[in-house]
Amino acid sequence: MLDLKAIRSDPEGVLARLRRRDPTLDLGPILALDEERRELQKRVDDLRRRQNEGSERLASLKGGNPAEREALLAEMKDLAADRKAAEERLAQVEQELEARLLELPNLPHDSVPSGTKEEKIVLRTVGEPPKFDFPPRHHLELARNLGLLDMDRAAKTTGARFPMYVGQGARLELALIRWMLELHAAEHGYTPVLPPYLANRTSFFVSGQLPKFGDELYHCPTDELFLNPTAESLLANLHRDEVLEESQLPLKYAAFTPCFRREAGTYGEEQRGLIRMHQFHKVELFHYTVPERSYAALDELVGHAEAVLTKLGLHYRVSLLTAQDLAYQSAKTIDLEVWLPAQGRYYEVSSCSNCEDFQARRGNIRYRPQAGGKPRFVHTLNGSGVATSRLFAAILEQNQDPQGRVVLPPVLAELLGQEVLGSAGNPR
RNA sequence: GGAGGGAUGGGUGAGUGGACGAAACCGCCGGUCUUGAAAACCGGUGAGCCGCAGGGCUCCGUGGGUUCAAAUCCCACUCCCUCCGCCA
C-alpha cells in the first residue's frame, strides 16, 4: 500500500512513477475520495466535539433545573442522529478509498530501468553452458527413463501439472530442500521456519496477492483458507501488527514450503515437465530491515540465493527487471535464471525483491528506532533460495551424459551417497 | 465436536455507565548520585487522523446494538487458554 500522505503531497510525482510500471494507472478517484473523506471527517469530528461538551454539561447538571436538562437532552438527541448519518457516509467513502488504495502497486525504485518484460537487463552470466556432443535430453525424458518422476500417475490421482517424485527422484528433491535450508541457516544466518501451508484472507492482503491476484490462489471455502502460493505470504505476516525493536533487526527467515498456484492460462512449452507446476517446492528467504539498509540487504539476498547455484556448479544468469515487469508489491527485483539446455533458454529459479514499506504498511509492521522517536515502518525483502522443481530440472539437464544418466555435482553426490543417477543398483 | 474462561498501551496487568487514553509494575528515554557502570531516587514515555497553529477527533480483539454518554451493558463473529471427546 502506498502512503496516502505522499500521494496527496505530490500527486504528479507519484503518478509519473506509477506509470513507469503501468501507463494506464490513474490517481484521480483516489484524490477525490481523499478530499471528500477529509471534509466528512471534519464534520464528524465537529459533531462529536459538540456531543462531548453536551455530555459533560449534562453530567454536571444532575439534580439541577429539570427544564434546562430536558432541553439539552432534546438537543443532544438531534446531535447524535446527525453524527450517525455523517458517520455512515464517512464509512462508505473510507471503504471505497481503502479498496482503491489497495489496488495500487508499489512504486518502482529509481534504479529500476523503464521498459517492458522483454527489456530486462542481464547484469551478469555465471559459468558456461555445458557443451554436449549429442542433443541434450529434456529433463522429463531423463526423469522418466531414470524413474525419478511419475507424471502419468500424478495426472491420474490429481491432474495435469502436478509432480509425483518417486525413488531416487524423491530422495534428490528432499536432499536439495534440506541442503538449501541448512546452507542458509548455517552459513547465511537465517532462522529456519516451517510455516503453515494454508493462510487466511488477511495474510494475503498484507503480502499483496489479494485483492488483485486471487485467481492464482487455491481456495478452501469451507474454512476460508488459501493454499500458500509462496512462503513470502506467510513470512510477510510473521510480525504483522507488531512493533519491533531496532536492535532486533535485521530479522532473516528461511522457510521451506510447497507452493500451490492455479497458473490460470496456458504457457506453451512451459507446461511440459517441471517448468510450470501447480505445486512446486521452494526455500524462501525473507528479511525485515531498517529502510536505510534495505538495498544493501537486497544485494546480500541475491548473493545468498546465488550461493545455491554456484555450489551446485550450475550455469545461470542474473537479471534486473524493468518497471513493467515488477511484481505488484516490489520496488525492485533481481531474478536468477538457470540454463536449461534442452529448451535452450534460461528459466527463473529465484526472484529477489525489495518491497520497501509496501507490505509493512499493509501489515502495520513497524520498529522503534534506537535513537528514539515514533515507530517507523520496516522494509521487507523476499527471494527464493531457490525454487526447486526447476532446480531439479536444471540439475538433470545440465549434468546428463550421452547414456541419459545424470552425473551428480559433488555436493549432491555426497548427500545421496552415489555419484550417478541411473548407474547399476539404482532402485527403479 | 461439547463445556468453561479470556482478549486493555512496547510487555505483564488493574479497571462493571459520566473528569478513563486508561492504575501499578516492567521496559525505554532524560536527570541526580558515581572515576565509570550498576543499584537507588526524581522526571518523562501509547498509536493514529485533521489542522500553519492554538487545538479538535478516534482507538481497550472485530463488527453491530442500547444510551445524551460505553473499555464498562446487549448481540454476533474471530482468536487464545483449560477440561472432555476424537485423531496422526
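Proteins get letters first, then strands, A, B, ... in listed order; numbering begins at 1 in each.
Within 4.0 Å (heavy atoms only), A:R50 reaches no atom of the nucleic acid at all. Using a 4.0 Å heavy-atom criterion, one finds that A:R43 contacts no nucleic acid atom at all. At the heavy-atom level, A:Q51 lies under 4.0 Å from the strands shown only through sugar-phosphate atoms.
Taking the C1' atom of each, B:U66 and B:G27 are spaced 40 Å apart, rounded to whole Å. Taking atom P on both nucleotides, B:A7 is separated from B:G46 by 23 Å, rounded to a whole Å. For the P atoms, the distance linking B:G6 with B:C25 amounts to 26 Å, nearest Å. Look at the P atom in both B:G85 and B:U67: the space between them is 47 Å, to the nearest Å. Here the separation of B:G21 from B:A70, taken at their P atoms, is 11 Å to the nearest Å. Distance noted for atom P between B:C59 and B:U72: 11 Å (whole Å). Spacing of P atoms, B:C79 relative to B:C28, comes out at 35 Å, to the nearest Å. For B:A24 and B:U35, the P atoms lie 34 Å apart once the distance is rounded to whole Å.
Between the C1' atom of B:G48 and the CG atom of A:D45 lies a distance of 12 Å, rounded to the nearest Å. The interatomic distance linking A:E246 (CD) with B:G10 (C1') rounds to 15 Å, in whole Å. Taking atom CZ of A:R376 as the reference point, atom P of B:A47 lies 15 Å away to the nearest angstrom. Protein atom CZ of A:R361 is 13 Å distant from nucleotide atom C1' of B:G48, rounded to whole Å. One can place CD of A:E87 at 13 Å from C1' of B:G64, the figure rounded to the nearest angstrom. Rounded to whole Å, the distance from CD on A:E39 to C1' on B:G56 is 17 Å. With rounding to whole Å, A:N364 atom CG is found 9 Å from B:A47 atom C1'. Between the CD atom of A:E242 and the C1' atom of B:G61 there is a distance of 15 Å, rounded to whole Å.
Of the possible polar contacts, none joining the A:R390 side chain to the A:Y347 backbone as a donor-acceptor pair under 3.5 Å is found.
Under the 3.5 Å distance criterion, with hydrogens and angles disregarded, a donor-acceptor pair is assigned to the side chains of A:E356 and A:Y295. Looking at A:E224 and A:H219, their side chains do bring a donor and an acceptor atom within 3.5 Å of each other.
Across every strand in view, B:G27 sits in a pair with B:U45 that passes the Watson-Crick or G-U test at under 3.5 angstrom. B:C87 is unpaired under the criterion used here, namely a Watson-Crick or G-U wobble arrangement in which both key atom distances are under 3.5 Å. Using N1 to N3 plus N6-O4 or O6-N4 for Watson-Crick, or N1-O2 and O6-N3 for G-U wobble, each under 3.5 Å, B:C20 pairs with nothing. Across all strands shown, B:C77 is found opposite B:G61 as a Watson-Crick or G-U wobble partner, with both distances under 3.5 Å. Using Watson-Crick or G-U wobble geometry with both donor-acceptor distances under 3.5 Å, B:G51 finds no partner in any strand shown. For B:A40, the paired nucleotide is B:U32, the pair qualifying as Watson-Crick or G-U wobble because both relevant distances are below 3.5 Å. Base pairing of B:U82 is made with B:A3, judged by Watson-Crick or G-U wobble geometry with both donor-acceptor distances under 3.5 Å. For B:A71, there is no paired base (Watson-Crick or G-U wobble, both distances below 3.5 Å).
The nearest pair of heavy atoms linking A:L104 to A:I7 is CD1-CD1, 4.2 Å. Here the closest non-hydrogen pair linking A:V93 and A:L33 is CG1-O, 3.6 Å.
At B:A69, none of the side-chain N or O atoms of A:K77 fall inside 4.0 Å of OP1 or OP2 (strictly under the cut-off). Phosphate proximity of B:U58 to A:R48: present, with a side-chain N or O under 4.0 Å from OP1 or OP2. Contact between the side-chain N/O atoms of A:R38 and the OP1/OP2 oxygens of B:G51 is found at a separation under 4.0 Å. For A:R366 and B:G48, the shortest distance from a side-chain N or O to OP1 or OP2 is below 4.0 Å. Of the side-chain N and O atoms in A:N52, one or more sit less than 4.0 angstrom from OP1 or OP2 of B:C57. OP1 or OP2 of B:G65 has at least one side-chain nitrogen or oxygen of A:K84 nearer than 4.0 Å. Note on A:R37: a side-chain N or O is less than 4.0 Å away from OP1 or OP2 of B:C50. Phosphate contact (OP1/OP2 of B:C50, side-chain N/O of A:K42, threshold under 4.0 Å): absent.
To the nearest 0.5 angstrom, A:L146 atom CG is 10.0 Å from A:E141 atom CD.
Each of A:Q370 and A:V44 was assigned the nucleotide of RNA chain B with the nearest heavy atom; the assignment lying further toward the 5' end belongs to A:Q370. Between A:E56 and A:L73, the residue whose closest nucleotide on RNA chain B is further toward the 5' end is A:E56.
Checked against B:C57, B:C68, B:G10, the side chain of A:R49 finds its nearest nucleotide in B:C57. For A:A80, counting side-chain heavy atoms from C-beta on, the closest listed nucleotide (B:G51, B:C57, B:C68) is B:C68. Set against B:C68, B:C50, B:G10, the side chain of A:M76 has B:C68 as its closest nucleotide.
Classification of the A:Y190-A:H184 ring pair by plane angle, with boundaries at 30° and 60°, yields perpendicular. Ring geometry for A:H304 versus A:H188: interplanar angle under 30°, hence parallel rather than tilted (30 to 60°).
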